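Predicted model, so just to flag it, every value in this text is computed and none were measured. We number each residue from 1, following the sequence as shown.
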Amino acid sequence: MEEKLQFVKHFENELPSSYANRLGLLYASMVTNDHKKDNGQFFTPLSIANFMASFGKTEKEKIKILDPGCGIGILSTAITEALLKKSKNLKIIELVAFETDTQILQYSELCLEYLRLWLSKQNIEFTFFLCKNDFVLHNSSILNNHNNLEEYDIVISNPPYFKLPKNDERIKIAQSVIYGQSNIYSIFLIISAKLLKENGQLLLITPRSFCSGSYFRVFRETFFSLVDLKTIHLFNSRKSAFKKDNVLQENLIIEASRKKAVEENQTSLSLSFESKLTISSSETIEDIDKRKINHYDISNIINFNSYQKILHLPLNKTDQKIIKIFKNWTGSLKLYGLEISTGPVVDFRSLEWIKPKSSQKTVPLFWLHNVYSMNLIWPRNSGNKGKIKCQHIIIDKTSISRLVKNKNCILVRRFSTKDDNRRLIAAPYFKNLFTDKEFIGIENHLNYIYHKEQDLTSDIMLGLSALLNSKIFDLYFRTFNGNINVSATELRDFPLPDFDLIKKIGNKIENSIESNKEYNIDELVSEVFNLKIDLSKVYE
C-alpha cells in the first residue's frame with residue numbers, strides 16, 4: 001500500500017478536494033468491504049462534500065475547524081475551499097482532524113499536507129493536527145458536562161455508523177445522552193455539537209434514523225437543546241449518497257448552529273420555538289441543483305413539549321397539511337385503553353415447537369407474510385422467496401409463554417418489503433376464526449394491537465385497521481420514519497382521531513361487507529374526516 005501511495009502525486013493547480021478524492025478512491029480499492037464495515041467507514045463522495053461545504057460561512061480572520069472522523073480528508077478540504085471563495089477576511093485556519101484507522105493515516109497526512117501547500121499559495125496560514133485517538137474517548141469529559149477547553153467555529157462530519165456492543169467503553173461513558181444499544185454516530189453528533197462555539201456551524205451527513213424511535217429519544221432531547229436546525233436536505237433514493245459502497249441507507253445533510261448557553265457550565269440550554277427550518281430534497285446528488293425547497297416554522301416540525309420530540313420532515317404542502325391534521329388529534333392507543341405488543345414467537349428460538357402441519361397439539365402461527373392490507377391470509381401456500389413457512393406451533397407447558405390469548409386484535413407488520421408501496425400494513429384478526437383454540441402464535445416480525453380486559457368490537461377493529469392502512473397514515477409515518485421498520489413505540493405514540501370517528505369508518509366498512517360491496521379505504525377516510533387533500537396523485 002505504501003509503495004502505491006508514493007506514486008500518487010498531486011497535479012499542478014489541482015484542488016485539494018480533488019486530490020483527496022483520488023486518494024480516497026485508491027485507498028477504497030485496496031481495503032476489503034469487511035474493513036470498511038468494521039470501521040463504519042464510507043467515504044463522502046466529492047459532490048456531496050462540496051454541497052455540504054457550500055453552507056459554510058465566516059466573517060472572521062481566524063477560524064478553527066473540527067473534522068471528527070476525517071478519513072482521507074475530503075470534507076476538510078472541501079470546507080476550506082468553500083470558505084476561501086466566500087470570505088475576504090480569512091487569513092488563518094486551524095484544523096483538528098480525528099482518525100483511528102492506522103491504514104488510512106498516511107493518506108490523510110498526504111492530503112492535509114497538500115492542503116497546507118495549496119493554502120500557502122493563497123496567502124492563508126494553515127496548521128493541522130491529525131489526532132490518532134478515538135474521538136469519543138478523547139472527548140469523554142465533555143459528555144459529563146465538564147467545561148471544554150477547545151471550541152470550534154465549524155464542525156464538518158461524516159461520522160462512522162455502526163451499532164456499539166453493550167460492553168463497549170464508549171457506551172458506558174455516553175449513558176447520559178444515549179439509550180440502549182446505540183449507534184456510534186449519535187455520540188459523535190452530541191460531542192460535535194458540544195464542542196462548537198456559540199453560533200458555530202455544524203455540517204453533517206448522517207443517517208435519518210435519529211428522527212424517531214425510543215432508542216434515539218434521549219439523543220433528540222439533548223441534540224435539539226444544543227443546536228438550532230437551519231437546513232436539512234434529503235435524498236429520495238436510499239442508494240444515492242454512498243452508492244459506490246453499495247450502502248442502502250437514508251441519509252440527511254444537516255446545517256445547524258450552536259445555541260446560546262444560558263448558564264456558564266453550558267448544561268442548560270434554551271429551546272428555540274420561533275426559528276425557521278429549510279427542508280430540501282432531490283432524487284440523487286446529480287439533480288441537487290433542481291432540489292425542491294420549502295421553509296417551515298421549527299415548532300411545526302418538532303413538538304418540543306412532547307416526550308418523544310420526533311423530527312418530522314415534510315417534503316411538500318401535502319405533507320405539511322397532514323402533519324397539521326395529526327397535530328390536532330388528541331387521541332392515542334393508551335388513551336383509548338388499547339395496548340400494542342410485539343409478537344413473542346422468535347422463530348430461531350422456537351424451532352422445536354414450530355411445525356408444518358396442524359394437529360390437536362398445535363395452534364395457528366401468524367407470520368409477516370400472512371398479513372396484508374385489511375386481510376389475513378392463513379395458511380398461505382406460497383412463502384417468502386418460494387420457501388413456505390411452517391404455520392403451526394405446538395402448545396405445551398414450555399411454549400405457552402410464547403403464545404397469546406385467542407382474542408380479537410389487529411396485526412401490524414413490523415417491516416415493509418421492497419414490493420410494498422406503503423410502510424404501514426395491518427389486518428384485523430377475529431378470534432372466531434379459530435373458535436376451538438384458546439391461544440394463537442404471533443411471530444416476532446408482527447406487532448399486535450389489543451385490549452387487555454375485553455375483546456375489541458368489530459367496528460373498532462375495522463376502523464383502526466383502515467386508518468393504519470390509509471394513505472394519510474402512511475404519509476404521516478414517512479415524515480419522521482426513514483426506514484422500513486415500524487416499532488411498537490411509534491405506533492403507541494401515534495396521534496389518533498376521536499374514537500367515534502374511528503368507529504364510524506368501521507361501521508361503513510361493515511355495511512359494505514354485509515352488502516357485498518367493495519370499499520376504498522382512502523375514500524372512506526377522506527369522507528369521514530372531510531379531508532381537503534387530493535391523495536390520489538401522491539403515489540400509486
Side-chain angles (χ1 to χ4, degrees), residues 318 321-322 324-341 366 370-378 404-413 421-435 440 442 446-477 486 488 490-536 538:
T318 298
K321 289 177 182 177
I322 289 172
K324 187 175 181 180
I325 290 170
F326 276 75
K327 195 175 180 180
N328 291 328
W329 287 350
T330 57
S332 67
L333 292 177
K334 184 177 181 180
L335 186 65
Y336 297 148
L338 304 181
E339 302 282 345
I340 181 168
S341 299
F366 304 129
N370 294 119
V371 175
Y372 292 85
S373 178
M374 300 300 291
N375 191 15
L376 177 67
I377 301 177
W378 187 97
V404 300
K405 284 280 189 180
N406 183 18
K407 60 192 303 183
N408 289 350
C409 64
I410 298 169
L411 300 173
V412 186
R413 289 189 185 185
N421 63 358
R422 303 195 189 191
R423 303 282 174 88
L424 294 171
I425 300 173
Y429 165 75
F430 294 94
K431 69 175 184 180
N432 59 12
L433 193 62
F434 300 98
T435 54
I440 57 173
I442 301 177
L446 292 172
N447 292 316
Y448 61 106
I449 299 170
Y450 59 101
H451 197 291
K452 263 190 175 181
E453 300 172 358
Q454 61 195 48
D455 263 325
L456 296 178
T457 58
S458 59
D459 56 349
I460 294 173
M461 290 179 64
L462 291 170
L464 187 52
S465 294
L467 276 177
L468 291 171
N469 287 302
S470 66
K471 276 187 181 179
I472 187 173
F473 261 66
D474 185 67
L475 290 171
Y476 177 74
F477 185 75
V486 182
E490 288 169 338
L491 292 179
R492 189 177 291 116
D493 295 332
F494 245 57
L496 292 176
D498 186 276
F499 214 34
D500 288 338
L501 293 177
I502 296 175
K503 291 180 179 179
K504 187 175 180 179
I505 295 172
N507 286 328
K508 286 180 176 291
I509 293 175
E510 279 187 305
N511 293 334
S512 296
I513 293 173
E514 290 172 2
S515 304
N516 202 27
K517 293 181 180 178
E518 291 187 2
Y519 61 89
N520 183 290
I521 288 175
D522 297 313
E523 289 178 3
L524 285 177
V525 171
S526 295
E527 178 187 337
V528 169
F529 294 108
N530 192 26
L531 297 180
K532 306 257 192 262
I533 302 173
D534 183 10
L535 297 173
S536 62
V538 175

Measure the shortest side-chain to side-chain distance between [X] and [Y] over non-hydrogen atoms and say whether it is less than 4.5 angstrom.
| X | Y | result |
| --- | --- | --- |
| L464 | I505 | no |
| Y450 | I410 | no |
| I509 | N507 | no |
| I377 | Y372 | yes |
| L496 | Y336 | yes |
| C409 | V404 | no |

Are more than 12 heavy atoms, taken from residues, nucleotides or ligands other than K407, located less than 6.0 Å from that residue's NZ atom?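 Check passes, neighbour count above 12.
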Output the distance between atom [atom1] ([X]) and atom [atom2] ([Y]), rounded to the nearest 0.5 Å.
| X | Y | atom1 | atom2 | answer |
| --- | --- | --- | --- | --- |
| L467 | L462 | CG | CG | 11.5 Å |
| K471 | L424 | NZ | CG | 14.5 Å |
| L468 | L491 | CG | CG | 6.5 Å |
| S373 | R413 | OG | CZ | 9.5 Å |
| I460 | S465 | CD1 | OG | 11.0 Å |
| L333 | I340 | CG | CD1 | 6.0 Å |

side-chain contact (heavy atoms from CB on, under 4.5 Å) between D498 and I502, worked out: CA-CA 7 Å; D498 186 276; I502 296 175; over 6 Å; no
Check for a donor-acceptor pair, side chain of [X] on one end and backbone N or O of [Y] on the other, with a separation under 3.5 Å.
| X | Y | value |
| --- | --- | --- |
| N370 | W378 | no |
| N328 | K324 | yes |
| N408 | L456 | yes |
| D474 | R423 | yes |
| N520 | E523 | yes |

Carboxylate-amine/guanidinium proximity below 4.0 Å for E339 and K334: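 Not counted as a salt bridge, because no side-chain N and carboxylate O are separated by less than 4.0 Å.
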Please confirm whether W329 and F529 have ring centers closer than 6.0 angstrom. yes
Would you say the ring centroid of F494 lies under 6.0 angstrom from that of Y476?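 Centroid distance F494-Y476: below 6.0 Å, so yes.
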Please work out which of the three classes, parallel, tilted or perpendicular, describes the rings of F434 and Y429, given edges at 30° and 60°. parallel
Passing option when Y519 is tested against E510, M374, K508 for side-chain contact (heavy atoms from CB on, under 4.5 Å):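 Of all the options given, the one that passes is M374.
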Please give me the minimum heavy-atom distance between I440 and K405, naming the atom from each residue.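 Looks like CG1-O, 4.2 Å.
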On a heavy-atom basis, which atom in D455 and which in K431 lie closest, and how many Å separate them? OD2-NZ, 2.7 Å
Evaluate S332 against R492 for side-chain contact (heavy atoms from CB on, under 4.5 Å), listing each step before the verdict. CA-CA 7 Å; S332 67; R492 189 177 291 116; over 6 Å; no
So I325 and I472, side-chain contact (heavy atoms from CB on, under 4.5 Å) or not? Walk me through it. CA-CA 10 Å; I325 290 170; I472 187 173; 4.2 Å; yes
Before you tell me yes or no, could you show the steps for F326 and F473 under ring-ring contact (aromatic ring centres under 6.0 Å, His included), namely the whole-Å CA-CA distance, both residues' side-chain angles and the distance that decides it to 0.1 Å? CA-CA 9 Å; F326 276 75; F473 261 66; 5.0 Å; yes
Show the numbers, then the answer: is there a side-chain contact (heavy atoms from CB on, under 4.5 Å) between F366 and L376? CA-CA 9 Å; F366 304 129; L376 177 67; 3.9 Å; yes
